[in-house]
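Throughout, a chain's letter reflects where its sequence line sits, starting with A, and its residues are numbered from 1. Basis for what follows: all heavy atoms, side chains included, without hydrogens, waters or symmetry-related copies.
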There are 2 protein chains.
Amino acid sequence: MSEPAPAREPRRGREARRSARAQRSAASVPYITRKIPITEILSAEGLEIIEHNADTLLQDVGIEFRDFPRALDLLRAAGCDIKESRVRFPRGLARKLCATAPAQYVQHARNPGRSVLIGGDAMVFAPNYGSPFVHDLEKGRRYGTLEDFQNFVKLAYLSPAIHHSGGTLCEPVDLPVNKRHLEMVYSHVKYSDKPFMGSVTKPERAEDSVRICELLFGEEFVQRNTVLTSLINANSPLVWDSTMLGAAEAYARNNQACIITPFILSGAMSPVTVAGTLTQVLAEVMAGTAFCQLTRPGAPVVFGTFVSTLSMQSGAPTFGTPEASLAIFGAAQLARRMNMPFRTGGSLSASKIPDAQAAYESAQTLAPTVLAGTNFVLHAAGWLEGGLTASYEKFVLDFDQLGAMHVLARGVDLSENGQGMEAFHQVEPGGHFLGCAHTQMNFETAFYRSSVADNNSVEQWQEEGAKDAAARANVLWKAMLADYQPPPLDPARDEAIRAFIDERKASMPDATY
Amino acid sequence: MSEPAPAREPRRGREARRSARAQRSAASVPYITRKIPITEILSAEGLEIIEHNADTLLQDVGIEFRDFPRALDLLRAAGCDIKESRVRFPRGLARKLCATAPAQYVQHARNPGRSVLIGGDAMVFAPNYGSPFVHDLEKGRRYGTLEDFQNFVKLAYLSPAIHHSGGTLCEPVDLPVNKRHLEMVYSHVKYSDKPFMGSVTKPERAEDSVRICELLFGEEFVQRNTVLTSLINANSPLVWDSTMLGAAEAYARNNQACIITPFILSGAMSPVTVAGTLTQVLAEVMAGTAFCQLTRPGAPVVFGTFVSTLSMQSGAPTFGTPEASLAIFGAAQLARRMNMPFRTGGSLSASKIPDAQAAYESAQTLAPTVLAGTNFVLHAAGWLEGGLTASYEKFVLDFDQLGAMHVLARGVDLSENGQGMEAFHQVEPGGHFLGCAHTQMNFETAFYRSSVADNNSVEQWQEEGAKDAAARANVLWKAMLADYQPPPLDPARDEAIRAFIDERKASMPDATY
């Protein structure tokens, strides 16, 4: 089922340098603190129209909370109008119920130096989530395994451009469905010391995720702090189902964070316009957040948005489109007016391979994601084929883009050194700055240094095999995995977690659901 | 030297549809009118620091105006301090001399429906400029020829996402250097009806470009209107040379537009910091613009900026880097404070082939270019290998990105139809919007439709040959060229222009400089 681990032999030359560079390509900060202004696309008037419409939608059409009576009880008591599973919010009520959600929170990592701030000026990058398939240049496309999952955890751990270990980096399809979450959470704990996400596929799997964290961090710490940020997707349009509500409830009750995310293919799961889609996003987020806050006031919630457009000819989802960019910018503005952290974007593409389409679409998702001031960026690396596939090569190609975003987010250095006026007194008109003292002083850190771009002459590039970016990335991820060393983990905690997992697994049949 | 033209036979099926789509993929507007706010990265305080420093630079170090006494005379008379070829501007003088440059101007095309506005909220896309080499997937990398040049003119003519025919789309290396400009300008006139650029490689070639326009538009029309926008690059750092000054003078004297552009590899030709580079950009632009305005007050000038970073290890230029993005944003802000149209950006990359590197770097150049509110975007399509190569495949891949930018720039539709509230009354929670009346009504124009992305299932993509984006682009550009029909050109004018060109050529030796 799994293949032998890559042989550990010392590598030399270019590969080793590339691997080393990929691991230090961005300043190793636990998260980005944005210094550049936010790009806003919608006017205040436009935002008010959408907010008004979302309130109208919540009041007139309402939201389904299906098969989850506890939610209906809470929402009825809070003043909602309930008919069967349909919940209608009198104008203004949903927003009011969301007001106890914190503007930002710290998600703790087992390595305190890796804890992340989520909200405000902070920006956190987390990798690809949820792909049943994986792809690399040699073995092509195939179902993901636990080994693939662990490889992606290790790669994300090694990249300073990634702040968060994420969640379902790929589906470990070689494990029974009902036991996967235990090994996924364990892999995050064991092979990384970055913060991670919990399971949401059943409420008891969310509880298992919390239990593992209690064994890792201590029970009291978990009740007082947030150690999990997990993904709760709406069943758009306008439905919250019992699986997601149950998982959200489990996390909120334990003071753990939920990313409340309308997952929308616009035109199929929402109106075919950006403003209509944003209206629905806001209504669904407010309803889901209201439920979390009624469950435990003050429980951290992230305003999530995933909007893809459709090919109206084939019905296929499309990525990196201008309408998706506008939705990213607009949703970020709506979230800020809710005073909530915001999640969207990533490095999204419909391409099947890490080619020019993958890169154009990813970059045209990532650029608005960053400029919109997104706080939590899921799918920041590795995503291909509309999320069906996690690509090894794209994983490290995207790392490089994320590293560049660290520098962009710092903005323009206006210190005396940054102004660089002394350089003009060191270099005559018509001269060159390469050797001047100011350049020499800033040589090492002057410009972002890509780990995968080839900037050499065409002759040198040809001599080195005329590799495209994907082929270079193939060399790089293998070199990184060969270099991987696990972060230390307290053996007693490791053993306690393993014992819990083995006991849980022993109590379960092998189920495929 | 040239190969047979592609056979004109009717094509069927997917290729024909892709070709047709590429030719209508963006609304066919003569230029973009931006409806979204501009992204600003620098604070007013930061801009003032850079402006102050630029004035200090102009006053203390000054700018070389080499081998061009007429410039020195004009600048001396205007109050500059001249020592040999060094021109120092008392603080504030340069900006004052630039004040007569218009905030925007119309560049007329021979087809009046294709005339472009340059400045303000207008955004104009022009293709790749200046590459000695061309590349396509079958024939690889080779020197450009006149046939290649004409092919690129035709492709740019066919793409509704490109507004401007550009200038030296590639170098027609099969022609003697001293005669190239005549055939290049003629090719723009003959094979396109979009506006174009004139020659700048010698002052008399600029004059030739103006003469051809006089034969095309009429002498009086040219004196009263702008029909050429041409590229005048500084010899950075802080030098204007006689070739560029002579060409700029020829254009300004004829009321034709100059893009005054510091062409800077930061770290070599400017300080290694963004703020230092922006200071130099501003100083060089102000000095060049002042000269144009002294030559003919009111002559249109575009504030140009081309900033690439360097690999500080190899000295190779790098593209799509975060520092280049910051320079794009910052220079756009400086230009707006000069009340001048702004040129920068494009779809730039150091990659040798249209792979993921090419696409990431291009998109990370194009996104800031558009969001910064750039008015004239040169190198918007086709650029590879740091500009050394014009790529056929990348040309059409970039068209697609430019088409998407048209939609992004329109912003969010907040009309009643755009708000889409009626859709929520047509679809129940949990239902889907694909068939509802609101979707049906907006079906055709709802989402930007890419001409090169493959959004199909992996199975269908494999059935169709598992082509990457570059391979699909290869099919597309050949289909477009096969479909090409020239725009009508008045035979009398055509004949007059040809006669002028043939006479000029007959008077010249075949020179290689």
So what's closer than 4.5 Å to chain A heavy atoms on Ile38(B): side chain, backbone, both or neither? neither
What is the distance from atom CZ of Arg449(B) to atom OG1 of Thr309(A), rounded to the nearest 0.5 Å? 12.5 Å
Which portion of Ala446(B) sits near chain A, non-hydrogen atoms under 4.5 angstrom: both
Between CD on residue Glu361(B) and OG on residue Ser450(A), distance to nearest 0.5 Å: 7.0 Å
Sidechain-backbone polar pair: Asp468(A) side chain, Asp355(B) backbone, donor-acceptor under 3.5 Å: no
Atom group of Ala423(A) that falls short of 4.5 Å from chain B, counting heavy atoms: side chain
Counting only heavy atoms closer than 4.5 Å, note whether Leu57(A) contacts chain B via side chain, backbone, both or neither. both
Residue list, salt bridge (charged side-chain N to carboxylate O under 4.0 Å, His left out) with Glu64(B), at least two apart or on another chain: Arg66(B), Arg86(B)
For Ser362(A), which atoms come within 4.5 Å of any heavy atom of chain B: side chain, backbone, both, or neither? side chain
Side chains of Met405(B) and Gln364(A): closer than 4.5 Å at any heavy-atom pair? yes
When you compare the side chain of Thr279(B) with that of Phe424(A), does any pair of heavy atoms fall below 4.5 Å? yes
Pro317(A) versus chain B, the contacting section by heavy-atom distance below 4.5 Å: backbone
Top contributor to chain A contacts, counting heavy-atom pairs under 4.5 Å, from Met441(B), Glu393(B), Gln313(B): Gln313(B)
Between Asn442(B), Thr39(B), Val458(B), which residue shows the highest count of heavy-atom pairs closer than 4.5 Å to chain A? Val458(B)
Is there a donor-acceptor pair closer than 3.5 Å between any side-chain N or O of Lys352(B) and the backbone N or O of Gln462(A)? no
Any side-chain heavy atom of His438(A) within less than 4.5 Å of one from Thr273(B)? yes
With rounding to the nearest 0.5 angstrom, report the NZ to OG distance, Lys35(A) to Ser43(B). 13.5 Å
Are any of the side-chain heavy atoms of Gln357(B) and Asn455(A) separated by less than 4.5 Å? yes
Proximal component of Ser266(B), with respect to chain A [non-hydrogen, under 4.5 Å]: both
Cut-off 4.5 Å, heavy atoms of chain B, and the answer for Asp413(A) is backbone
With chain A as the partner, which of Ala358(B), Gly431(B), Ala367(B) has the greatest number of non-hydrogen pairs under 4.5 Å? Gly431(B)
Given that the side chain runs from C-beta out, which part of Thr277(A) has a heavy atom under 4.5 Å from chain B: side chain, backbone, both or neither? neither
Answer with side chain, backbone, both or neither: which region of Glu40(B) has an atom nearer than 4.5 Å to a non-hydrogen atom of chain A? backbone
Give the member of Met421(B), His432(B), Glu323(B) that has the highest number of heavy-atom pairs under 4.5 Å with chain A. Glu323(B)
By a 4.5 Å heavy-atom criterion (distance strictly below it), what part of Pro237(A) contacts chain B: side chain, backbone, both, or neither? both
Does some side-chain heavy atom of Val274(A) sit less than 4.5 Å from a side-chain heavy atom of Phe447(B)? no
Segment of Gln280(A) engaging chain B (4.5 angstrom heavy-atom cut-off): both
Below 4.5 Å, heavy atoms only, C-beta onward: do Leu414(A) and Leu42(B) meet side chain to side chain? yes
Part of Glu428(B) within contact of chain A (heavy atom distance under 4.5 Å): both
Ile63(A) versus chain B, heavy atoms under 4.5 Å apart: side chain, backbone, both or neither? neither
With a 4.5 Å cut-off on heavy-atom pairs, point out which of Gly420(B), Gly267(B), Ser314(B) contacts chain A the most. Gly267(B)
Looking at Ala275(B), is its backbone amide N or carbonyl O close enough to the side chain of Gln419(A) to form a donor-acceptor pair, meaning the two atoms are under 3.5 Å apart? no
Do other residues, nucleotides or ligands put more than 12 heavy atoms under 6.0 Å from the CD atom of Glu459(A)? yes
Inter-residue atom distance Ile41(B).CD1 - Leu371(A).CG, 0.5 Å rounding: 6.5 Å
Under 4.5 Å heavy-atom distance to chain A, tell me which part of Leu310(B) shows up: side chain, backbone, both or neither. both
Atom CD1 in Ile36(A), atom OG in Ser325(B): separation rounded to 0.5 Å? 9.5 Å
Ignoring hydrogens and geometry beyond distance, is a side-chain donor-acceptor pair present between Tyr360(A) and Asp398(B) at under 3.5 Å? yes
Which region of Ala268(A), side chain (C-beta onward) or backbone (N, CA, C, O), has a non-hydrogen atom less than 4.5 Å from a non-hydrogen atom of chain B, or is it both or neither? both
One should read off an interatomic distance between Thr321(B) OG1 and Leu408(A) CG, to the nearest 0.5 angstrom, of 10.0 Å
Chain A interface, residue from Gly418(B), Ser236(B), Ser457(B) that has the most non-hydrogen pairs under 4.5 Å: Gly418(B)
In the structure I gave you, are the side-chain heavy atoms of Met269(B) and Phe433(A) within less than 4.5 Å of one another anywhere? no
What part of Phe133(A) lies closer than 4.5 angstrom to a heavy atom of chain B: side chain, backbone, both or neither? neither
Is any side-chain heavy atom of Pro271(A) closer than 4.5 Å to one of Thr439(B)? no
